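Everything numeric here is computed off the predicted structure, so don't read it as measured data.
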Amino acid sequence: MTPEQLSDTIVDALTALTDEGAVTLPDGVPTQVVVERPKVREHGDYATNVALQLAKKAGMPPRDFAGLLAERLNTAEGIASAEIAGPGFLNIRVDAGAQGALAAQIVAAGASYGSSDAFEGEKINLEFVSANPTGPIHIGGVRWAAVGDALGRIFTFTGAEVTREYYFNDHGAQIDRFARSLLAVAKGEPAPDDGYGGQYIADIAQHVLAEKPNVLELPDDDAQEVFRSVGVNLMFDEIKKSLHDFRVDFDVYFHENNLHESGAVSRAVERLTEMGNTYEQDGALWLRTEKYGDDKDRVIIKSDGKGAYISGDLAYYLDKRERGFDRCLIMLGADHHGYVGRLHAMCAAFGDTPGVNLEVLIGQMVNLLREGQPLRMSKRAGTGITMEDLVDAIGVDASRYALARYTSDTTIDIDLDLWAKQSSDNPVFYVQYAHARLASILRNAKDLGVAADFDPSLLSHEKEGDLLRALADFPRVVASAAQLREPHRVARYLEDTASSFHKFYDACRVLPQGDEEPAPIHAARLLLVEATKTVFGTGLTLLGVSAPERM
RNA sequence: GCCUCCGUAGCUCAGCUGGAUAGAGCGACAGACUUCUAAUCUGUUGGCCGCAGGUUCGAAUCCUGCCGGGGGCGCCA
């Protein structure tokens, strides 16, 4: 029995009550009701506030409504008892057999337990990281690498067709600065004032010189162009490799340059003009974003004839829509939040619906702490902290988990000393240890040859019930993580469930001890262990964190 | 000045979109190892949910205004 199934049972009971005429619901019977796991044990296995919600509409006191419903539920299949509490809550206890049967269902479903078709038929474009190829990936981008990739896995698990996309800004002034910086260092000159510093610039310049030994004999403009094209490609490769090592692989690496070269920008501008959303002023072309909720109108073609930064995004958005994506999600750092209004307005200017066709997710900043002090500089990058700094300090698993376990709208401080620890203070180890412990039990069971017969009603211990209800929650946790775009819910769920498992392990012996003969209870618990391991394996995979068999 | 995110236990944070006595972990203190992995478990300690109003049967959660902190407000990218 999962909360969803219980919700269905309650809906059936409500339907029966209205059919009989015992209650009248002007708006009809809801398709699902809120079922929650109460914090207090005395409140039963599950509780619902449906009587409180519907009593007013039905025109009767909440407790009377709850009473009628309780009477119905008490005879429903799988329910041991339903009683009225407080102002009109219904506290429900589930039949042990109905609850225990879930263990077998999970094992039968295997890795698909928790999946759904909630996003069936949705083509979702997830754009994240999209760091400029002018240096290593900074820490802000890494947050999205972890969160965005996890979200992608969760969307796929809930039935969506997901494309992960990385937008390379390989066009414009920043790239020019990058190229000038490379050229300067190659010539032994100091970096330009507005250029890039850091060891990696020198490294890349060396690579370019090795590949093109005569490059410095060319005129400066031509030499800079060589440094630009070769340097950017080296940076691309390095970024892709870093992400791959972080277990994030993009389906599409989209180059901004293509938009300008293919005339996509002009087409996007034409389209907006046709829709009456542009005008000329002061020699520049403006987009009427204020009309669609932005603070003011924005320049899209500057008076020098060049496209403003947003022109690339206009064309890029149109391109995504033309490729058939109904939902385009873009994940940006908090330092870009001022850009959201513009993007939404742009979306509306194309005749689309902001928030539906285009959704912008904002992630707050990430700070790394060592011995309580914030890290400010990366040796290699010269400025800021990079993905490698994080991964070198705590590894990929801890990095991904640490970044994915918080809501994106809070600033996070990652204490490197804590996340490097191999102890229970470190949440990722707590969760991974649960998985390893489960694996260990199953290994020992194989040696002992415990039978696979299963009587679900034997799983009647308090800790078994707690664990089963935790496992039953998994599908709706995944569903809400997808719906709210909040992968951290999966991480927190795993931590809670690990706690339930460890308590079960402490209270309930799974395998026969010493010369003890294997009994049905051992088989039942072993199935529960296998079901639990399945959920941990799936949950960790959704976060892109490994599920170790031994630790 | 305007926009935006945050403010919950000593610390780090949850709080299932309005429900019952606000929860975890860490820390501190006291316990449990002839263990199926003690990287675990049990107990104790600890809260004007930033402040003040409002909405209603009911608010940490929704609305308004303050206070404090982070991040933004270019014909830069």
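Aromatic pair A:Tyr316/A:Tyr167: centroids less than 6.0 angstrom apart.
In this structure, the CD atom of A:Gln53 is 12 Å from the C1' atom of B:C57, given to the nearest Å. Between the CG atom of A:Leu511 and the C1' atom of B:C36 there is a distance of 5 Å, given to the nearest Å. One can place CG of A:Asn426 at 17 Å from P of B:U12, the figure rounded to the nearest angstrom. Computed from coordinates, the A:Leu442 CG to B:C36 P distance equals 16 Å when rounded to whole Å. In this structure, CG of A:Asn49 is placed 10 Å from P of B:G18, rounded to the nearest angstrom. Nucleotide B:G25 holds its C1' atom 10 Å from the CG atom of A:Leu418, rounded to whole Å. In this structure, CG of A:Asp466 is placed 14 Å from C1' of B:C41, rounded to the nearest angstrom. Atom P of nucleotide B:G25 and atom CG of A:Asp413 are separated by 22 Å, given to the nearest angstrom.
Using a 4.0 Å heavy-atom criterion, one finds that A:Ala47 contacts the bases of the nucleic acid, with or without backbone contacts as well. Within the 4.0 angstrom heavy-atom criterion, no nucleotide atom of any strand lies near A:Glu486. Backbone-only contact: A:Lys56 has heavy atoms under 4.0 Å from sugar-phosphate atoms and none from a base. Residue A:Asn367 is classed as having no contact, given no heavy-atom separation below 4.0 Å to the nucleic acid.
Of the side-chain N and O atoms in A:Tyr430, one or more sit less than 4.0 angstrom from OP1 or OP2 of B:C41. Close to B:U37, at under 4.0 Å from its OP1 or OP2, lies a side-chain N or O of A:Asn444. Between A:Thr407 and B:A14 there is a side-chain N or O to OP1 or OP2 distance below 4.0 Å. Phosphate contact (OP1/OP2 of B:C16, side-chain N/O of A:His488, threshold under 4.0 Å): absent. Residue A:Lys503 places none of its side-chain N or O atoms closer than 4.0 Å to OP1 or OP2 of B:U40.
Of the C1' atoms belonging to B:C73 and B:C16, the separation is 35 Å, rounded to the nearest Å. Spacing of P atoms, B:G50 relative to B:G10, comes out at 13 Å, to the nearest Å. Comparing B:U45 with B:C26, their C1' atoms are spaced 14 Å from each other, to the whole Å. Going from the P atom of B:U55 to that of B:U12 covers 36 Å, rounded to whole Å. Comparing B:A39 with B:C48, their C1' atoms are spaced 39 Å from each other, to the whole Å. Nucleotides B:G23 and B:G47, compared at atom P, are 14 Å apart to the nearest Å. B:C75 sits 23 Å from B:G71 when the P atoms are compared, rounded to a whole Å. Comparing the same atom, C1', in B:A32 and in B:A52 gives a spacing of 49 Å after rounding to whole Å.
Taking the nucleotide of RNA chain B with the nearest heavy atom to each of A:Asp425 and A:Ile362, the more 5' of the two is matched to A:Ile362. When each of A:Ala85 and A:Tyr406 is assigned the nucleotide of RNA chain B with its nearest heavy atom, A:Tyr406 is the one assigned upstream, toward the 5' end.
In this structure, A:Phe89 counts as stacked on the base of B:A20 under the 5.5 Å centre distance and 30° plane angle limits. Residue ring and nucleobase are stacked for A:Tyr505 and B:C36, with a centre distance beneath 5.5 angstrom and an angle between planes beneath 30°.
Relative ring orientation between A:His171 and A:His260 is described as parallel, the plane-to-plane angle staying below 30° on a 0-90° scale split at 30° and 60°. In this structure, A:Phe501 and A:Phe536 have perpendicular ring planes: the angle between them is above 60°, well past the 30° mark. Between A:Tyr196 and A:Phe178, the angle of the ring planes goes over 60°, which puts this pair in the perpendicular group of the 30/60° scheme.
Side-chain N/O atoms of A:Tyr279 and A:Asp297 include a donor and acceptor closer than 3.5 Å.
Checked against B:C41, B:C16, B:U40, the side chain of A:Arg489 finds its nearest nucleotide in B:C16. Picking from B:A14, B:C57, B:C16 the nucleotide with the shortest atom distance to the side chain of A:Arg492 gives B:A14.
When both pairing distances are held under 3.5 Å, B:A20 makes no Watson-Crick or G-U pair with any nucleotide shown. Pairing for B:A30 goes to B:U42, judged as Watson-Crick or G-U wobble with the two contacts each under 3.5 Å. Pair assignment for B:C62: B:G54, on the basis of Watson-Crick or G-U wobble contacts that are both within less than 3.5 Å. Pair assignment for B:G25: B:C11, on the basis of Watson-Crick or G-U wobble contacts that are both within less than 3.5 Å. Under the Watson-Crick and G-U wobble criteria, each requiring two contacts below 3.5 Å, nucleotide B:G1 is paired to B:C73.
Using a cutoff of 4.0 Å between basic side-chain nitrogens and carboxylate oxygens, A:Arg342 and A:Glu290 are not scored as salt-bridged.
A distance of 10.0 Å separates CG in A:Leu467 from CG in A:Leu102, rounded to the nearest 0.5 Å.
Nucleotide B:U64 carries an anti base; the chi torsion (O4'-C1'-N9-C4 or O4'-C1'-N1-C2) is more than 90° from 0.
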For this session: Give the C-alpha distance, both sets of side-chain angles, the deciding distance and a yes or no for salt bridge (Lys or Arg N to Asp or Glu O under 4.0 Å) between A:Arg405 and A:Glu495.
Result: CA-CA 10 Å; A:Arg405 102 184 259 272; A:Glu495 290 169 33; 2.8 Å; yes

For this session: Could you walk me through whether A:His461 and A:Phe504 pass ring pair (Phe, Tyr, Trp, His ring centres under 6.0 Å), step by step?
Result: CA-CA 9 Å; A:His461 191 280; A:Phe504 154 78; 8.1 Å; no

Problem set entry | Under 4.0 Å protein heavy-atom contacts per nucleotide of nucleotides 67-77 of chain B, with B for base, S for backbone only and - for none | ---BBS--BSB

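Remark: side-chain polar atoms of A:Arg143 are paired, donor with acceptor, to backbone N or O of A:Gln364 under 3.5 angstrom.
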